[in-house]
Undergrad: 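This structure is in C-alpha cells; I'll ask about it shortly.
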There are 2 protein chains.
Amino acid sequence: MPEATVARLPVYLRALSELSNERITTLSSEDLAVLAGVNAAQVRKDLSHLGSYGVRGVGYEVDYLIRQINRELGLTGDRAVAIVGVGNLGRALANYDGFRGRGFEIVAAFDADPEKVGRSIGAIPIEAVSTLTEVCRRRKVAIGVVTTPKNAAQEVTDRLVDASVVSILNFAPVVLQVPAHVTLRQVDLGVELQILGFYERQASGLAAAGGGREALDAG
Amino acid sequence: MPEATVARLPVYLRALSELSNERITTLSSEDLAVLAGVNAAQVRKDLSHLGSYGVRGVGYEVDYLIRQINRELGLTGDRAVAIVGVGNLGRALANYDGFRGRGFEIVAAFDADPEKVGRSIGAIPIEAVSTLTEVCRRRKVAIGVVTTPKNAAQEVTDRLVDASVVSILNFAPVVLQVPAHVTLRQVDLGVELQILGFYERQASGLAAAGGGREALDAG
DNA sequence: TCCTGTGAACCGCTTCACAGCT
DNA sequence: AGCTGTGAAGCGGTTCACAGGA
C-alpha cells in the first residue's frame with residue numbers, strides 16, 4: 001500500500017463519515033474527489049488498493065466503504081495514546097474530542113514540571129516524566145505525542161522508544177532521531193507558516209530572484 | 001523552485017539557527033542532512049537552488065546560508081497573521097513564541113462567541129468574526145490561521161479570501177475549497193493519528209493483508 | 001583529500017485513457 | 001449511458017555517481 005494512499009485514506013474516511021450522517025448511501029469517485037480535494041482517478045486508484053468495492057456504472061456504497069477503510073487503517077480496537085508535555089498545545093490535544101470514536105484513547109499525560117504533576121487535564125492525571133517509560137509500557141501505549149519544549153523532545157522520545165512505542169507524532173520544532181522501526185510524523189507550526197510565507201511573497205510579486213516570476217499554487 | 005525544496009528550507013533554517021547560536025561557523029551537506037533528517041545529496045540540490053554558496057572541500061558558512069535562506073523565504077519584513085477561532089488550539093497558537101523573530105506577527109484574533117469577544121489572549125484582543133473581512137483588509141493580513149470548529153471553517157475561509165488573504169493554514173478537520181490563487185495548507189491531528197495507527201498496526205504484525213511489512217518514515 | 005554542484009538514472013506517485021461491467 | 005478498475009504514460013522528486021574546485 002503506497003504511503004501516499006495511506007495518508008489520504010483518513011481524509012476519505014472523514015468525508016464519508018459526514019455523508020453517512022447525512023444519510024447519503026452512494027457516491028462516485030468524482031464526488032469523493034471533490035470532497036477530498038484530489039483527482040477522481042486518484043480516488044479510484046487509492047480505493048482499488050482496498051479491493052474492488054465499487055459498482056461500475058453506479059459508484060461506491062458509503063457505509064460499506066467506511067467499513068473497508070476502517071478495516072485497512074485498523075480502527076477496530078482502541079489504540080492507547082500518551083501525551084508528553086502539558087503546555088498549551090498538549091492541553092489542546094488532550095481536550096480534542098476527535099480521539100475517542102476514531103479508535104484512539106489518551107491513557108496518559110506527562111510533564112516535567114512538579115507543579116503540574118498530580119493535577120489533571122480532563123480525566124487524565126498528569127504524571128512525572130521520570131515514570132514515562134514504565135507507565136507507557138504498562139499501559140501498552142502505541143502512539144506517543146510529543147508536545148514538550150524543543151530541548152526536552154529528543155530525551156522523551158528516547159524514553160518512548162524504550163517503552164516500545166513505535167509511532168510518534170512530534171510537535172516540537174526539532175528533527176527527532178529514532179530507530180528505523182519507529183514511524184515518526186512531524187508537525188511544525190513555524191515551518192508551515194514559513195512555507196506559506198514563501199508562496200504569499202511570490203503571489204504578492206515581491207520575489208527576490210530575477211524578474212517578475214509568476215507564482216501560483218493550489219496545495 | 002520545487003515545492004518539496006520550499007518545504008525543507010525552513011527545516012534547514014531551524015537547524016542552522018541553532019548552530020549559529022552555538023557559534024558553529026561551517027558545516028557540510030552531510031552534517032546538515034543529519035540535522036534535517038534527509039539525504040546529503042538532497043541538501044546539496046536544495047541549496048543549489050539558492051545559488052552556489054558552498055565552498056568545495058570545505059562546506060557551507062552557517063550565517064551566510066541563514067541569510068540566503070531567509071532572503072529566499074522572504075523573512076525580511078514582518079507578515080501579518082490572523083487567528084480565527086479562539087478555542088484551545090487557537091490559544092495555544094497565539095501563545096506560541098515562534099512567531100516573532102521568525103518574521104510573523106499576530107495582528108488579530110477572531111471568535112464567534114460573544115462571551116469571548118472583548119477579552120484577549122496575551123496582547124491580542126479577540127474580535128467578532130463579523131468584523132473579520134474588514135479588519136483583515138485594514139491590517140493587511142497576509143496569512144490566516146483557521147482553528148474554528150469544522151462547521152465554521154469554510155465560512156471564515158471565504159471571509160478571509162474576501163479580505164484578500166492568499167495564504168491559509170487550516171487546522172479544522174475539513175477540506176476547504178478555495179480559489180486557485182490561494183495557497184492552502186492543512187494540518188489535521190486526527191488524520192495524522194490515523195496514519196500513525198496504520199503503520200503501528202503493520203509493525204505490530206496485525207496487518208490485514210499479507211505479511212509483516214517494515215514501516216519507516218521521517219516526514 | 002575533501003566536499004560541492006549537477007547531469008543522469010531511478011523511483012514512486014499522479015493522471016490519462018480506455019476496456020469492461022452494470 | 002455511466003462509472004469503475006487499471007495498464008501505460010507522464011511528471012516531479014530523490015539518489016547516484018562523478019567531474020571539478022579548494
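Predicted model only: the values in this text are computed from it and were never measured. All chains are named by letter (A, B, ...) in the order of the sequence lines, taking the proteins before the strands, and each is independently numbered beginning at 1.
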Undergrad: Got Leu169(B) and Leu189(A) here, is their nearest side-chain heavy-atom distance under 4.5 Å?
TA: yes
Undergrad: CD of Glu3(B) versus C1' of dG13(D): gap in Å, rounded?
TA: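 Interatomic distance, CD of Glu3(B) to C1' of dG13(D): 11 Å.
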Undergrad: It should be established whether Arg8(A) places a side-chain nitrogen or oxygen under 4.0 Å from OP1 or OP2 of nucleotide dT14(C).
TA: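 For Arg8(A), the contact criterion (side-chain N or O under 4.0 Å from OP1 or OP2 of dT14(C)) is met.
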Undergrad: With DNA chain C as reference, determine whether Ala41(B) or Arg44(A) sits nearer its 5' end, using the nearest nucleotide of each.
TA: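 The residue mapped nearer the 5' terminus is Ala41(B).
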Undergrad: Could you give the distance from CZ (Arg8(A)) to NZ (Lys45(A)), rounded to the nearest 0.5 Å?
TA: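 Arg8(A) atom CZ to Lys45(A) atom NZ measures 11.5 Å (nearest 0.5 Å).
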Undergrad: Taking the side chain as C-beta and beyond, is there a heavy-atom pair between Tyr96(A) and Ile106(A) under 4.5 Å?
TA: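 Side-chain contact under 4.5 Å: no.
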Undergrad: Near DNA chain D, under 4.0 Å by heavy atom, which residues of residues 9-35 of chain B?
TA: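 Heavy-atom cutoff 4.0 Å gives no residues at all.
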Undergrad: Between Gln42(B) and dT15(D), is there a contact of a side-chain N or O with OP1 or OP2 at under 4.0 Å?
TA: yes
Undergrad: His49(A) has an atom NE2; how far is it from atom P of dT4(D), in whole Å?
TA: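 Whole-Å distance recorded here is 16 Å.
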Undergrad: Figure out the CG/P separation between Leu47(B) and dC3(C), and round it to whole Å.
TA: 15 Å
Undergrad: Is Arg79(A) reaching over with its side chain to a backbone N or O of Gly197(B), donor-acceptor style, under 3.5 angstrom?
TA: yes
Undergrad: Could one point to a donor on the side chain of Lys45(A) or the base of dT14(C) with an acceptor on the other under 3.5 Å away?
TA: no
Undergrad: Please determine whether a side-chain nitrogen of the Lys or Arg among Glu18(A) and Arg14(A) lies less than 4.0 Å from a carboxylate oxygen of the Asp or Glu.
TA: no
Undergrad: Closer than 4.0 Å, any side-chain N/O of Tyr60(B) to the OP1 or OP2 of dA22(D)?
TA: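 Tyr60(B) to dA22(D) OP1/OP2: no side-chain N or O under 4.0 Å.
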Undergrad: Answer yes or no: does a side-chain N or O of Asn39(A) lie under 4.0 Å from OP1 or OP2 of dC13(C)?
TA: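 It does not, given that no N or O in the side chain of Asn39(A) lies less than 4.0 Å from OP1 or OP2 of dC13(C).
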Undergrad: Donor-acceptor pair under 3.5 Å: do we get one between Arg56(A)'s side chain and the base of dT22(C)?
TA: no
Undergrad: Could you tell me the separation between the CD atom of Glu61(B) and the P atom of dT4(C), rounded to a whole number of Å?
TA: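 Going from CD in Glu61(B) over to P in dT4(C) covers 14 Å.
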Undergrad: Out of curiosity, Gln194(B) CD to Glu72(A) CD, how far, rounded to the nearest 0.5 Å?
TA: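 The CD atom of Glu72(A) is 13.0 Å from CD of Gln194(B), to the nearest 0.5 Å.
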